[in-house]
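As the structure is a prediction and not an experimental result, all values here were calculated from the model.
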Amino acid sequence: MKKKQVVYSNLQARRLRRLDIGELHQPKANDADVLVSFTSIPSRFADVDLVVRSVLSQSVAPARLVLWLNERHVESLPPSLTAMLGPKFEIRYTPLDSCHCKLVPSLQAFPDQTIVTCDDDLMYRRHWLRTLLDTHRAAPRAVIAHIARMPAVDEQGRVKPYESWPKQKQRGVSGHQLVQMGYGGVLYPPGSLHADVGNAALFMALTPRADDLWFKFMAWLAGTPVMTAGEKIRRPREIVGSGAIRLKSINVNQDFNRRQWLDLCEHYGVDVIRLLAQA
């Protein structure tokens, strides 16, 4: 992080930690009937309360926020995180141990619920959830993402490295060719993903470090388009010190995302050109 980013991140962290926990759990008239779901890793446990605070203090807050952790972490949570437990926030445990935990256990536990995923190293802006929900009301069958990319191919039809996949900057654009990017936050309507979504053996074999690509393929197989949120909001602010362990170092810098994408295409018999041509 740049020095200026560190300053602003620390300021936002201090502001969030001044918020009264009891007040954050109080039901409000405009609370949304939506579940926010995420997962985390031990190196970030000390600051995950900042994620919780940023979500519960949204201009439109969720009715429920669930953090999914692997079962081995039951006894290793810091007081800063357990102090956040209450009517709107709970911690649940799963035998799964991968980035897919941000969504898969919630799909299984709450199959009829609209679910929004978030990341464990970011503080989200106040209108982050409202913007997703506004777009969801306009397009109730679509997966809604603040940030999306589009796979790119070269002149020979070969998939280019993930880093060269262009970001979709236009707001309110829908298409099967778009790939939602999880760190910006993604809304999944009930029934929007293929039945394979919970097949742990399969997603660990094909996309062990690329939950976004897995969920994208599950949406495509179910006939669900991805749509960018209709309103642009500022990017979430990174929590200082949270970047020590990142999937990006492998997935992007080593181009592992492309390998996982190609594995998905091969397994499901998908022609990338056909997918990109689908509106």
Side-chain angles (χ1 to χ4, degrees), residues 33-42 44-45 48 51-52 55 62-74 77 89-122 129 132 136 141-148 178-226 245-248 250-251 256-257 260-261 263-265 267-268 270:
D33 182 20
V34 64
L35 167 73
V36 174
S37 178
F38 73 121
T39 189
S40 189
I41 55 177
R44 295 176 179 169
F45 285 174
V48 170
V51 183
V52 178
V55 172
R64 173 180 278 174
L65 170 63
V66 178
L67 169 62
W68 290 96
L69 299 175
N70 182 266
E71 294 164 338
R72 71 180 186 277
H73 301 314
V74 173
L77 303 183
F89 171 60
E90 62 179 303
I91 299 172
R92 294 194 177 202
Y93 296 92
T94 172
L96 297 176
D97 191 17
S98 73
C99 51
H100 307 76
C101 289
K102 70 162 57 171
L103 178 59
V104 170
S106 282
L107 290 172
Q108 297 167 338
F110 310 99
D112 300 319
Q113 181 72 65
T114 298
I115 301 173
V116 175
T117 60
C118 67
D119 276 5
D120 66 335
D121 57 347
L122 300 170
L129 183 58
L132 290 173
H136 169 59
R141 295 177 61 87
V143 168
I144 311 298
H146 275 294
I147 306 170
L178 296 179
V179 179
Q180 75 280 8
M181 299 178 68
Y183 76 88
V186 183
L187 182 148
Y188 296 91
S192 59
L193 302 179
H194 187 270
D196 280 354
V197 67
N199 187 331
L202 193 54
F203 65 64
M204 290 304 294
L206 298 174
T207 58
R209 297 184 180 90
D211 56 301
D212 289 348
L213 300 185
W214 175 251
F215 298 140
K216 163 60 196 174
F217 249 75
M218 295 301 100
W220 187 77
L221 291 172
T224 304
V226 172
I245 299 176
R246 284 189 178 277
L247 291 176
K248 181 178 179 181
I250 296 175
N251 288 351
F256 195 44
N257 264 340
Q260 293 173 100
W261 178 262
D263 287 344
L264 282 166
C265 289
H267 178 83
Y268 286 105
V270 173

One should read off an interatomic distance between Leu67 CG and Cys101 SG, to the nearest 0.5 angstrom, of 10.0 Å
Rounding to 0.5 Å, atoms CG (Leu206) and CH2 (Trp214) come to a distance of 6.0 Å
Q | Test item: Leu129 and Val34 side chains (from C-beta on) under 4.5 Å apart, heavy atoms | A | yes
Applying side-chain hydrogen bond (donor to acceptor under 3.5 Å, both in side chains) to Ser106 and not counting sequence neighbours gives Ser37, Trp68
CD1 (Ile115) and CG (Leu187) are apart, to the nearest 0.5 Å, by 9.5 Å
Tightest non-hydrogen contact, residues Ala210 and Asn257, listed as CB-OD1, 3.6 Å
**Request:** Test Val116 against Leu35 for side chain to side chain contact (heavy atoms under 4.5 Å, CB included), laying out the working first.
**Result:** CA-CA 6 Å; Val116 175; Leu35 167 73; over 6 Å; no
- Task: Using a 4.5 Å cut-off on heavy atoms from C-beta on, say whether the side chain of Val55 contacts that of Pro62.
- Result: yes
Taken to the nearest 0.5 Å, the spacing of Tyr183 OH from His146 NE2 works out to 11.5 Å
His73 meets the ring pair (Phe, Tyr, Trp, His ring centres under 6.0 Å) criterion, sequence neighbours left out, with Phe45
The side chain to side chain contact (heavy atoms under 4.5 Å, CB included) partners of Glu90 (sequence neighbours excluded) come to Arg64, Val66, Arg92
Here the pair of heavy atoms bringing Val36 nearest to Cys118 is CG1-SG, 3.9 Å
**Prompt:** Is it the case that Tyr188 and Gln180 place a side-chain donor and acceptor less than 3.5 Å from each other?
**Reply:** yes
key: Worked verdict on Asp33 versus Gln113 for side chain to side chain contact (heavy atoms under 4.5 Å, CB included)   = CA-CA 8 Å; Asp33 182 20; Gln113 181 72 65; 3.6 Å; yes
task = Verify side chain to side chain contact (heavy atoms under 4.5 Å, CB included) between Phe215 and Val143, making sure each step is shown before the conclusion.
result = CA-CA 10 Å; Phe215 298 140; Val143 168; over 6 Å; no
Quick note, salt bridge (Lys or Arg N to Asp or Glu O under 4.0 Å) partners involving residues 93-104, not counting sequence neighbours, are Arg72-Asp97, Lys102-Asp119, Lys102-Asp211
Whether the side chain of Gln260 engages the backbone of Leu213 through a donor-acceptor N/O pair (distance < 3.5 Å, no angle test) should be reported. no
>> Are Glu71 and Thr94 packed together at the side-chain level, in the sense that at least one heavy-atom pair is separated by less than 4.5 angstrom?
In response: no
Would His136 and Thr114 satisfy side chain to side chain contact (heavy atoms under 4.5 Å, CB included), going step by step from the backbone distance to the final call? CA-CA 10 Å; His136 169 59; Thr114 298; 4.0 Å; yes
Q) Between Val52 and Phe38, is any pair of side-chain heavy atoms under 4.5 Å apart? A) yes
Separation between OG1 (Thr39) and CG (Asn70), nearest 0.5 Å, reads 8.5 Å
Sequence neighbours excluded, the answer for side-chain hydrogen bond (donor to acceptor under 3.5 Å, both in side chains) partners of Ser98 is His100
Applying side-chain hydrogen bond (donor to acceptor under 3.5 Å, both in side chains) to Arg141 and not counting sequence neighbours gives none
Sequence neighbours excluded, the answer for side chain to side chain contact (heavy atoms under 4.5 Å, CB included) partners of Ala200 is Leu96, Phe203
**Prompt:** Are Leu69 and Ile91 close enough that some pair of their side-chain heavy atoms sits under 4.5 Å apart?
**Reply:** yes
_Within-4.5 Å side-chain heavy-atom neighbours: Val186 and Ile144_ = no
So CZ of Phe110 and CG of Leu107: to nearest 0.5 Å the spacing works out to 10.5 Å
Note: Pro208 and Cys99 closest approach over all heavy atoms is O-SG, 4.1 Å
Point to revise | Beyond-backbone contact of Asp263 with Thr207, side-chain heavy atoms, under 4.5 angstrom | key: no
Taken in chain and number order and not counting sequence neighbours, the residues that satisfy side-chain hydrogen bond (donor to acceptor under 3.5 Å, both in side chains) with Asp196 are Tyr268
Quick check: do Phe217 and Cys265 have side-chain heavy atoms less than 4.5 Å from each other?
yes
